[in-house]
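A quick write-up on the structure given underneath.
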Amino acid sequence: MIVSKFGGSSLADASQIQKVCDIIIANSERKVVVVSAPGVRTANDTKVTDLLIALGKERLSGSDGEVLFNRITERFSDIAVALRIEDVLPVIKKHISDTVSQPVSNPDRFMDAVKSLGEHCCARIVAAYLNRIGIKAKFCDPKEFGLLLSSTFGRIRVLPKSYEHLSKLRDVEGICVFPGFYGYTPEGEIMTFSRGGSDVTGSILAAAVEAQVYENWTDVDCVYAVNPKLVNHPFPIREITYAEMRELAYAGFTVLHEEALYPAFQKGIPVHIRNTNNPSRDGTYIVAKRSVYDSLVTGIAGENGFCTLNIKKYLMNREVGFAVKVLSIIADEGLSFEHMPSGIDSISIVLRGSDFTIDKEDRIVDRIRKELNIDDVFVHRNLAIVMIVGEAMANTVGTTARAAQALSKAGINLEIINQGASEISVMFGVREEYCNYAVRVLYNEFFNK
Ligand code: ASP
């Protein structure tokens with residue numbers, strides 16, 4: 001059995017939905033289909049999810065949001081009319097209207113319910129179209145199939161019993177069309193993942209039904225070794241491990257949601273990235289263990305928006321529990337840290353600037369000064385993280401030296417260097433203005449020589 005997830009660009013209009021359905025029909029193993037909300041049709045278009053977010057906000061501010069409501073329902077009408085499944089429209093329109101008109105007791109839950117409408121309606125449309133062309137398909141409601149979610153410290157997690165509930169998808173007659181991006185709290189309220197979260201739904205479903213492969217259909221032929229916006233004709237990756245992909249996703253590869261690999265990884269299900277607009281291409285396989293090594297470095301990525309909290313204290317290495325005390329102050333502010341390079345008398349904690357707000361910085365720095373008797377504490381903002389990632393690096397001498405030398409020859413100052421214990425990645429901290437340049441320099445070093 002194959003679980004296939006289709007992203008927003010694959011479902012942006014009726015002709016894209018027809019391509020999706022052709023792909024579904026082409027292999028009878030494609031039994032579970034997860035859909036995103038319709039994405040952009042042209043460069044200036046707006047994703048349905050973004051329209052829904054704007055509509056939800058208008059409703060919360062007391063406006064009726066009529067213009068947005070009409071734009072959203074028109075997008076679904078256009079698709080349904082072109083696919084000749086107008087019968088589905090009254091159900092969709094009523095569902096949108098009921099959801100946005102419901103009384104608001106919790107604004108977060110209200111926004112999540114409104115955001116989920118894109119995937120909900122799109123799944124209804126795909127199921128209706130498959131049935132119209134004679135392929136038995138069922139719209140599978142995440143509530144009916146027990147996709148239960150909870151939120152801890154703002155992170156959405158799937159409740160373990162969901163997997164057992166969702167394994168029942170195997171018994172559904174015909175194709176299951178499942179909306180991505182949302183599930184339900186145990187209290188029965190809608191909860192969405194973060195943006196791009198339909199990838200996570202697909203992975204959860206693949207794990208639940210123990211699929212032979214989780215196909216993730218998008219609008220690129222494969223994953224490339226570097227962002228194609230930075231380098232012309234970048235090196236294509238045929239095969240990559242979960243661990244490599246996780247590191248690259250973390251540092252800015254946006255092909256897949258950062259949290260989407262975990263459920264598939266736990267069950268060892270390969271993830272296959274494919275292009276809806278070019279289904280004959282090989283795509284990229286994300287696997288537990290690679291058999292293909294085309295290059296020493298698998299990928300290079302860079303991401304802005306980090307900062308460091310730097311602490312100096314003489315004889316820090318002798319002080320039992322110093323790092324624990326620092327981290328507990330950070331944890332008290334609800335922050336998780338990204339990296340923690342250290343010296344004998346200093347420690348730097350790398351945090352995401354969007355979480356480490358100025359308010360939090362003031363409180364944390366104040367407590368560190370008052371409670372930890374330190375020599376100095378200061379924050380550097382506007383830092384970028386650039387990573388080179390590759391399983392083959394662990395067995396090759398001199399990769400870090402090569403990378404550092406290339407960056408130094410290019411005049412890029414390294415604020416931080418960090419290598420994880422797995423030796424599959426090396427992270428360089430550089431000023432944000434050097435991020436893209438550093439990525440290109442490293443790409444030239446490892447792929448163009
Ligand atoms: N529609 C949602 C978004 O635009 C979720 C998804 O597409 O995966 O983020």
Side-chain angles (χ1 to χ4, degrees), residues 3-13 16-17 19-20 32-57 68 71-73 75-76 79 92 95-96 99-100 108-126 139-142 147 149 151 154-158 177-184 190-206 214-220 223 245 249 252-264 271 273-277 286 354:
V3 171
S4 308
K5 178 260 166 179
F6 293 89
S9 58
S10 305
L11 299 151
D13 59 22
Q16 287 297 92
I17 291 179
K19 281 188 201 166
V20 163
V32 178
V33 172
V34 177
V35 296
S36 285
V40 295
R41 294 159 293 185
T42 55
N44 302 325
D45 200 11
T46 311
K47 287 180 174 192
V48 166
T49 306
D50 288 314
L51 295 174
L52 287 164
I53 291 171
L55 172 59
K57 285 184 182 157
L68 282 162
R71 261 181 89 182
I72 293 162
T73 49
R75 279 214 55 185
F76 288 113
I79 294 174
I92 285 181
H95 185 66
I96 299 177
T99 306
V100 300
D108 289 338
R109 291 286 71 77
F110 172 78
M111 280 304 291
D112 279 4
V114 175
K115 276 191 270 176
S116 75
L117 289 169
E119 275 68 14
H120 179 103
C121 299
C122 192
R124 284 199 181 275
I125 282 186
V126 172
F139 163 75
C140 295
D141 195 314
L147 173 49
L149 304 178
S151 159
R155 260 198 69 200
I156 312 301
R157 287 170 204 279
V158 58
V177 186
F178 201 100
F181 192 37
Y182 71 96
Y184 284 81
I190 289 179
M191 184 173 269
T192 56
F193 292 108
S194 57
R195 294 301 302 269
S198 301
D199 286 341
V200 187
T201 310
S203 186
I204 292 168
L205 265 48
Y214 167 33
E215 290 180 337
N216 193 289
W217 292 85
T218 175
D219 52 10
V220 287
V223 181
M245 193 63 208
F253 271 36
T254 51
V255 188
L256 206 62
H257 188 288
E258 206 198 327
E259 288 160 35
L261 285 176
Y262 192 60
V271 181
I273 308 287
R274 303 190 67 176
N275 190 351
T276 301
N277 303 317
I286 309 172
S354 51

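Numbers for residues simply follow the sequence, beginning at 1. Order of listing sets the numbers, starting from 1, for every ligand and every atom in it.
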Heteroatom distance test ([X], ligand 1): nitrogen or oxygen, under 3.5 angstrom:
{"X": "Gly196", "value": "yes"}
{"X": "Glu119", "value": "yes"}
{"X": "Ser198", "value": "yes"}

Drop me the distance from Leu117's CG to Asp112's CG, to the nearest 0.5 angstrom.
11.0 Å
Out of curiosity, Lys47 NZ to Arg195 CZ, how far, rounded to the nearest 0.5 Å?
5.5 Å
Side chains of Tyr184 and Pro142: does their closest heavy-atom pair fall under 4.5 Å?
yes
Partners passing salt bridge (charged side-chain N to carboxylate O under 4.0 Å, His left out) against Asp108 (at least two apart in sequence or in another chain)
none
If you look at every heavy atom in Ser151 and Ile156, which pair is closest and at what distance?
CB-CD1, 3.9 Å
Looking at Thr201 and Phe193, what are the two nearest heavy atoms and their distance?
OG1-CE1, 3.6 Å
Check whether any heavy atom of Gly8 sits under 4.0 Å from an atom of ligand 1.
no
Among all protein heavy atoms, pick out the one at the shortest distance from atom 4 (O) of ligand 1; state its residue, atom name and that distance to 0.1 Å.
Arg195 NH2, 2.9 Å
Starting from atom 7 (O) of ligand 1, which protein heavy atom do you reach first, and at what distance in Å?
Ser36 OG, 3.1 Å
Given that the side chain starts at C-beta and the backbone is N, CA, C, O, which of these parts of His257 lies under 4.0 Å from ligand 1, counting heavy atoms, or is it both or neither?
neither
